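First comes the structure, then the notes that go with it.
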Amino acid sequence: MPELNNIALKIIGNGKGILAADESTGTMTKRLDKVNIKSTPENRLNFRHTLFTSNSIKNCIGGVILYDETIKQTFNSKTIPEIISETGAIPGIKVDTGAKVLSKSPKEKITEGLDGLRERLKEYYKLGARFTKWRGVYTITNEFPSKLAIHSNAHALARYAALAQEEGMVPIVEPEVLMDGNHNAVTCLKKTSEVIKKCFDELILHKIELKGVILKPNMILSGSDSDEKISSKEIAELTLKCLIDSVPSEVPGIAFLSGGQTEIEATKNLDSINKQNKSNFIMSYSYGRALQQNALKYWSINTNDINGTQKIFDHRANMCALAAQGKWTEKLEQI
Ligand code: 13P
C-alpha cells in the first residue's frame, strides 16, 4: 500500500497539517450561535470557503477534513473538493455518525457509523475524498474510561480503518481522551496510553497497513478543572512518552487535536513537542478550534471582509506550521 503511505505523508509531511473543518451541523450551529450568526447552509459554506481559499492552505495545510454537507456543496459551480484539490491540499471526510450512549455503561460513549459504511466510503471517494476520520471519545474519572469503552471504541476504529483502506483512503484514527475533569497529567498519561495501545492491538488484529494510518490523539494535559499547572515542556515530555511507548514505529505520523486548548496553547505545546521529538514520527496538527476560533470571531462581525478573515486564519496556520517544525517563538505572534 505505498499509495496510502504517500497520501499520509502528503497530508502531514513538510511542516503541513490538517484543517479539521468537519464539525457536524449540530456542532457548527453551536459555534455560530455563540457569535450570533444564523446557522444556514449558506453561512456555513461562506465561512468555510473563506478558509479553503486562504493563502496558507497552499503552504501550511496538507489536508482538509470535511463534513457530509460540505463535501457535496459547490461554490461558483466548483465542488468544494475541487476547490481544495486546486490548492494542493487533499480533501478528507468525517465518516462516523457521532458518539452515542454506550449500552451497559451509559455515562460513556460509543461511536457509531459502521452500518452501510462501505457504500458511503465509495461515494465519498467518487466525490474526491482521499482520507477519512473517525473519532472515539473517552472521559477520565476514577472509574472511566472503562475496559468496555476502551475495547468497544478500539474495535469500531479498527473496523472503520479496514474499510477506509479497502476503498483506497487513509484512515485518521482519533481516540480522543477528553480534557474535562480534575485529574492530573500523569493520570491522563496512564489512561491515554491504555486507550492508544488498545487501538493498535485492534488495528493489528484487523490487518490494518500501519504505514497508511494517521493517529489523531489528544496531548497529555492536566484536566481542565485541575489545579495542577504544568509547563509546555512537561506537556511535551509526557506526550512524547505516551506516543513512543504506545504507537508502533510503522505509523508515519501523528496529528494532534486541539481539544479545547486556546490557539496559543495548542501552538506552543506542539512546538515544544517538536523541539523535543527524537522519534521518527512526524508530529503535526489536525486542529479545529485552534485554527478557526479567531477567524470565526472576526468573520462573524465582518462577514463581507474575506481578506481580513483570511489574514487571521493565515497567521494561525503559519504559526501551527512553524510549530510542526519546532520553529515557533512567542515573538512571532505579534502581527
Ligand atoms: P479540535 O481541534 O477543535 O479539538 O477539533 C479537532 C477534531 O477534529 C475533533 O474531532
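What you see is a predicted model; the values in this text were computed from it and never measured. When a ligand or atom number is given, it counts from 1 through the structure's own listing order.
The protein atom (non-hydrogen) at minimum distance from atom 10 (O) of ligand 1 is Lys133 NZ, 2.5 Å. Of all protein heavy atoms, the one closest to atom 6 (C) of ligand 1 is Lys216 NZ, 3.4 Å.
Just one of Glu330, Arg316, Glu333 meets the side chain to side chain donor-acceptor pair (under 3.5 Å) condition when paired with Thr267; it is Arg316.
Looking at Glu174 next to ligand 1, an N or O pair under 3.5 Å apart turns up. Looking at Gly288 next to ligand 1, an N or O pair under 3.5 Å apart turns up. Annotation: Arg289 places an N or O atom under 3.5 Å from an N or O atom of ligand 1; distance criterion only. At least one N or O atom of Gly259, backbone or side chain, sits closer than 3.5 Å to an N or O atom of ligand 1.
Below 4.0 Å from some heavy atom of Tyr287 lie the following atoms of ligand 1, by number and element: 2 (O). Atoms of ligand 1 found under 4.0 Å from any heavy atom of Ala20, numbered from 1 in the order shown, are 8 (O).
No donor-acceptor contact under 3.5 angstrom links the side chains of Asn274 and Gln325, judged on distance only. Side-chain atoms of Lys216 and Ser286 form a donor-acceptor pair, as typed in the model, at a separation below 3.5 Å.
Under 4.0 Å from ligand 1, heavy atoms of Ser258 appear from its side chain as well as its backbone.
In this structure, Lys275 places its NZ atom where more than 12 heavy-atom neighbours from other residues, nucleotides or ligands lie under 6.0 Å away.
Salt bridge status for Glu23 with Arg48: present, with a side-chain N to carboxylate O gap under 4.0 Å.
For the ligand labelled ligand 1, residue Ala290 lies outside the 4.0 Å heavy-atom shell. Residue Ser286 places a heavy atom under 4.0 Å from ligand 1. The closest approach between any non-hydrogen atom of Gln292 and ligand 1 is not below 4.0 Å. In this structure, Lys94 does not count as a contact residue of ligand 1, since none of its heavy atoms falls inside 4.0 Å of the ligand.
In this structure, the side chain to side chain donor-acceptor pair (under 3.5 Å) partners of Lys133, at least two apart in sequence or on a different chain, are Asp22, Glu174. Partners of Glu82 according to the side chain to side chain donor-acceptor pair (under 3.5 Å) rule, which considers only residues two or more places apart in sequence or in another chain, do not exist here.
In this structure, Tyr287 and Tyr285 have tilted ring planes: the angle between them lies in the 30° to 60° band.
Between Val195 and Pro145 the shortest heavy-atom distance is CG2-CG, 4.1 Å.
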